[in-house]
Amino acid sequence: MDRAFDFLHVNERESKPREKGITEIRGPYYDPMGPRELQDILDTMGEYVDIYKFSGGSFALMPEDVVEELISVCHDYDVQVSTGGFVEHVLVQDYDKVEQYVEEAGNLGFDVVEISSGFLAIDTDDLVALTELVQEKGLKAKPEINVQFGAGGASSVEELESEAAIDPASAIREAERHLDAGAYKIMVESEGITERVREWRTDVAFEIANEVGIENCVFEAADPEVFEWYIKNFGPEVNLFVDNSQIVELECMRSGLWGKKSSWGRIASYDRE
């Protein structure tokens with residue numbers, strides 16, 4: 001990339017397609033996003049975006065040609081496109097159309113199908129079967145693991161506290177089974193770890209990173225304080241999922257250009273080549 005001020009140092013970053021330092025951004029969810037806004041984001045920061053995620057089934061509300069145009073814009077910048085965790089809705093409302101849902105995602109140009117289960121009581125064997133189905137259809141499976149039942153929505157702290165927490169060891173075993181089945185990456189849901197909790201459970205984040213492999217995980221980091229914590233503890237090449245409004249702040253932090261009081265000037269990389 002012909003970067004402005006290229007005589008100034010930034011931390012080394014792998015070029016795309018990269019396997020570490022992945023940044024996934026949220027697309028339409030809190031507010032709409034059309035092709036022109038997406039084009040502006042990727043014109044300026046596309047080099048640092050690896051996955052674009054539709055959230056909350058937003059694509060099911062849009063004209064089909066707009067969905068295809070959004071996907072096409074992403075592909076122009078070597079950005080993969082994910083369905084988000086909408087398969088949960090399909091499993092509950094249209095359980096006989098799961099295979100059709102995955103096929104249609106492929107037809108429209110999606111690259112990644114997220115397999116979430118934050119609201120579902122479902123057997124791990126069935127979730128692994130979904131991972132296998134997605135791959136049979138030629139797409140990448142990105143299963144989600146949770147340590148909090150009811151994760152993935154807008155539940156309050158009190159609502160989540162009324163539900164039983166999930167043993168991290170169980171979530172880790174599930175992640176390992178998905179990886180054994182060929183999953184692309186594991187999405188680590190933030191609820192129960194850094195979101196909708198009274199105190200962060202950073203011990204759980206470390207346990208998952210150590211057991212599943214940090215290179216296999218994409219950690220949801222819903223706030224700048226959260227992605228700063230991940231970068232400080234796992235380094236600038238940790239894989240993160242953030243809102244599209246946070247991409248500049250995140251990349252400034254990864255690159256060492258800028259930071260907060262506790263991280264400014266302390267984030268570095270070392271390339272022996």
Side-chain angles (χ1 to χ4, degrees), residues 22 24 26 29 51 53-60 80-106 110-155 160 163-193 195-196 201 204-205 207-220 239-241:
I22 286 172
E24 180 174 0
R26 180 184 289 110
Y29 184 52
I51 306 173
K53 171 178 173 175
F54 285 84
S55 296
S58 54
F59 47 72
Q80 300 183 89
V81 185
S82 170
T83 61
F86 192 60
V87 72
E88 283 188 71
H89 172 86
V90 181
L91 283 166
V92 172
Q93 300 292 334
D94 299 286
Y95 64 88
D96 58 336
K97 294 183 172 63
V98 171
E99 187 167 345
Q100 183 179 347
Y101 164 72
V102 175
E103 289 175 348
E104 181 66 3
F110 283 89
D111 306 283
V112 178
V113 175
E114 186 175 307
I115 301 166
S116 61
S117 58
F119 287 100
L120 296 182
I122 186 170
D123 193 85
T124 300
D125 287 343
D126 292 345
L127 291 171
V128 173
L130 286 171
T131 288
E132 294 170 342
L133 170 66
V134 168
Q135 293 171 122
E136 288 168 5
K137 299 298 182 182
L139 294 119
K140 295 181 178 180
K142 187 156 79 68
E144 175 190 271
I145 59 170
N146 307 281
V147 296
Q148 175 64 63
F149 190 80
S155 304
L160 290 183
E163 301 279 2
I166 298 169
D167 181 359
S170 175
I172 288 167
R173 286 193 296 272
E174 180 185 325
E176 289 171 342
R177 288 197 57 192
H178 283 296
L179 290 171
D180 287 343
Y184 161 58
K185 297 288 181 186
I186 301 295
M187 184 76 194
V188 181
E189 178 64 54
S190 61
E191 273 116 333
I193 301 178
E195 185 179 0
R196 304 289 194 271
R201 297 182 65 194
V204 173
E207 187 175 356
I208 291 172
N210 290 334
E211 296 297 326
V212 178
I214 193 169
E215 71 282 1
N216 294 319
C217 297
V218 178
F219 296 94
E220 181 177 9
N239 302 321
L240 296 170
F241 167 55

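Not counting sequence neighbours, Phe241 has no partner by the ring pair (Phe, Tyr, Trp, His ring centres under 6.0 Å) test. Annotation: side chain to side chain contact (heavy atoms under 4.5 Å, CB included) contacts of Ser82 (sequence neighbours excluded): Glu24, Ile51, Lys53, Val112, Glu114. Residues passing the side-chain hydrogen bond (donor to acceptor under 3.5 Å, both in side chains) test with Asp111, sequence neighbours excluded: His75.
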What side-chain donor-acceptor pairs closer than 3.5 Å can you find for residues 92-102, not counting sequence neighbours?
| residue | atom | partner | partner atom | Å |
| --- | --- | --- | --- | --- |
| Glu99 | OE2 | Lys137 | NZ | 2.8 |

List, one per line, each side-chain donor-acceptor pair under 3.5 Å for residues 169-187, sequence neighbours excluded.
| residue | atom | partner | partner atom | Å |
| --- | --- | --- | --- | --- |
| Arg177 | NH1 | Asp125 | OD1 | 2.7 |
| Arg177 | NH2 | Asp125 | OD1 | 2.9 |
| His178 | ND1 | Thr131 | OG1 | 2.8 |
| Tyr184 | OH | Gln80 | NE2 | 3.1 |
| Lys185 | NZ | Glu19 | O | 3.0 |
| Lys185 | NZ | Glu19 | OE1 | 3.3 |
| Lys185 | NZ | Glu215 | O | 2.8 |

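To the nearest 0.5 angstrom, Leu120 atom CG is 11.5 Å from His89 atom NE2. Note that the OG atom of Ser116 and the CD atom of Glu88 stand 3.5 Å from one another [nearest 0.5 Å]. The line from CD of Glu211 to SG of Cys217 is 11.0 Å long, rounded to the nearest 0.5 Å.
A heavy-atom distance below 4.5 Å is found between the side chains of Ile208 and Ile193.
A pairwise comparison of heavy atoms in Phe86 and Gly57 identifies CD1-CA, 3.3 Å as the closest pair. Contact between Gly192 and Gln148 at its shortest, heavy atoms only, is CA-CB, 3.9 Å. Taking both residues in full, the closest heavy atoms of Phe219 and Ala209 are given as CZ-CB, 4.1 Å, listed atom of the first, atom of the second, then distance. Closest heavy-atom contact between Leu130 and Ile115: C-CD1, 3.6 Å. Here the shortest heavy-atom pairing between Ala105 and Val113 reads CB-CG2, 4.4 Å.
Looking only at distances, a side-chain donor or acceptor of Asn216 sits under 3.5 Å from a matching main-chain atom of Val212.
Between the side chains of Glu220 and Ser190, at least one donor N or O lies within less than 3.5 Å of an accepting N or O.
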